[in-house]
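Right, one structure below, let's go through it.
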Amino acid sequence: MKLLNTVDSIRRELKKHKVRGKSIGFVPTMGALHEGHLRLIRQAAKENNIVVVSIFVNPIQFGPKEDLKKYPRTLKKDLAICRKFGVDFVFTPSVKEIYPNGFSTYVFVEGLSNILCGASRPGHFQGVATVVTKLLNIIQPVTLYLGQKDAQQAVIIKRMIVDLNIPVRIKIIPTVRRIDGLALSSRNKYLNNHESIDASVLSRALNLARVLIKNGARDSLRIISRMKQLILQKKAKIDYISIVDANNLSPLKVVSGDCLIVLAVRFGKVRLIDNVIIRIT
Ligand code: AMP
């Protein structure tokens, strides 16, 4: 496994493999790797000759009051995990390498970026779309692996890839959960014991919605209200719960087609997101 931190060096290394016709699978991360990231890495390893993982805590996707400074950084451990799971290249650029002096070009996916998480995190998805565009230009993989955990991010990146004619396939990998249902996240580390137990209510609320829909419920407001009731039994603050079209994030008053139930909820200072896709046939 090679660890590289400049654009030139990773391009040079990958070129050697590309000219030999090797396929490259790419997993972008912010580090603090857990089983969720690993699922993406395993899938990439299964489907490609070469796996590239980037570890870059992208400053431009954090708001001024967000957790950029204290975002968990566990590089040594991350590298050991990557080595163990057969990653070929880890790309760990510095902030200066990605955003050198004078940097002034941003990617903004209209319509999808200021809603849901984008409403309470202005600038977040512009930061995500910009860094993913840059990383795709640097790595030029055959396939990009993203997690369903960040559902809005996945919809935005899919749109961006189509709109900007970026020549890459995209694979969305199902959310990996703790045994009690809590979606794995690097931010789970911030939860205290009590909050961590409480937070498992999110997956129960999503399951409740699934059961209600299975039993014939179609009115989104009613379903959301039942989810709220359940979540508010815990010490939680709901940022949003929405039922939207899974392909374009437009709100659905009546549940139909491929729908995505998304939520963001705070436990203490920690804001968690989760979602489920439900296909109505
Ligand atoms: P992050 O390091 O949080 O930026 O995440 C890097 C990638 O891992 C993103 O595509 C996430 O959607 C994905 N990911 C994070 N948590 C999970 C999880 N619990 N299950 C599946 N994928 C995940």
Side-chain angles (χ1 to χ4, degrees), residues 25-47 51-63 66-68 70-75 77-79 81-82 85 87 90-93 95 98 116-118 121 124-136 139 141 143-161 168-191 196 199-200 202-203 206 246 260 262-265 270-277:
F26 175 45
V27 182
T29 81
M30 298 209 297
L33 301 184
H34 52 64
E35 194 54 47
H37 298 107
L38 270 184
R39 183 73 63 88
L40 274 63
I41 293 173
R42 279 207 200 92
Q43 192 71 25
K46 214 191 274 176
E47 298 174 352
V51 178
V52 180
V53 171
S54 64
I55 299 179
F56 179 64
V57 182
N58 178 32
I60 69 164
Q61 71 184 65
F62 288 78
E66 292 183 0
D67 56 343
L68 172 62
K70 67 173 185 103
Y71 194 84
R73 286 165 172 88
T74 57
L75 186 61
K77 198 171 146 225
D78 293 348
L79 294 179
I81 292 174
C82 287
F85 287 88
V87 172
V90 181
F91 182 47
T92 54
V95 172
I98 296 295
L116 305 172
C117 282
R121 302 187 71 188
H124 171 68
F125 288 113
Q126 173 171 295
V128 171
T130 302
V131 79
V132 173
T133 303
K134 284 179 67 81
L135 290 169
L136 288 174
I139 311 291
T143 309
L144 167 69
Y145 294 84
L146 298 175
Q148 179 58 35
K149 157 82 180 4
D150 297 272
Q152 185 173 8
Q153 168 173 288
V155 172
I156 288 173
I157 301 297
K158 272 189 192 166
R159 182 78 254 163
M160 178 187 92
I161 282 169
V168 69
R169 278 195 318 170
I170 179 163
K171 284 234 168 148
I172 311 296
I173 307 300
T175 303
V176 179
R177 298 176 178 282
R178 215 164 61 179
I179 195 115
D180 65 358
L182 180 67
L184 298 189
S185 160
S186 307
R187 290 191 168 94
N188 291 353
K189 288 193 170 102
Y190 304 148
L191 296 165
S196 176
S200 63
L202 300 184
S203 68
L206 292 167
L260 175 68
V262 272
L263 53 78
V265 175
V270 191
R271 183 178 178 279
L272 299 179
I273 56 171
D274 201 351
N275 70 86
V276 66
I277 291 185

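Computed from a prediction, not measured in an experiment: that's the story for all the values here. Numbers here are sequence positions counted from 1. Atoms within a ligand are numbered from 1 in the order they appear, just like the ligands themselves.
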For a side-chain hydrogen bond (donor to acceptor under 3.5 Å, both in side chains) with Tyr145, tell me which candidate from Glu47, Arg39, Lys171 qualifies.
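For Tyr145, the side-chain hydrogen bond (donor to acceptor under 3.5 Å, both in side chains) check succeeds only for Glu47.
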Only counting residues at least two apart or in another chain, list the ones meeting side-chain hydrogen bond (donor to acceptor under 3.5 Å, both in side chains) with Thr143.
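Scan of Thr143 (side-chain hydrogen bond (donor to acceptor under 3.5 Å, both in side chains), adjacent residues dropped) gives Arg169.
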For the [atom1] atom of [X] and the [atom2] atom of [Y], what is their distance to the nearest 0.5 Å?
X: His34; Y: Asp78; atom1: NE2; atom2: CG; value: 10.0 Å
X: Cys82; Y: His37; atom1: SG; atom2: NE2; value: 10.0 Å
X: Leu40; Y: Ile172; atom1: CG; atom2: CD1; value: 8.5 Å

Is there any protein N/O under 3.5 Å from an N/O of ligand 1, and what does the full list of such pairs look like?
from	atom 1	to	atom 2	distance (Å)
ligand 1	2 (O)	Met30	N	2.9
ligand 1	2 (O)	His37	NE2	2.8
ligand 1	5 (O)	His37	NE2	3.4
ligand 1	10 (O)	Gly147	N	2.9
ligand 1	12 (O)	Gly147	N	3.2
ligand 1	12 (O)	Gly147	O	3.3
ligand 1	12 (O)	Asp150	OD2	2.6
ligand 1	16 (N)	Leu184	O	3.4
ligand 1	19 (N)	Val176	O	3.0
ligand 1	19 (N)	Leu184	O	2.8
ligand 1	20 (N)	Val176	N	2.8

Side chain of Asp274, backbone of Val262: donor and acceptor closer than 3.5 Å?
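Side chain of Asp274 to backbone of Val262: no pair is present.
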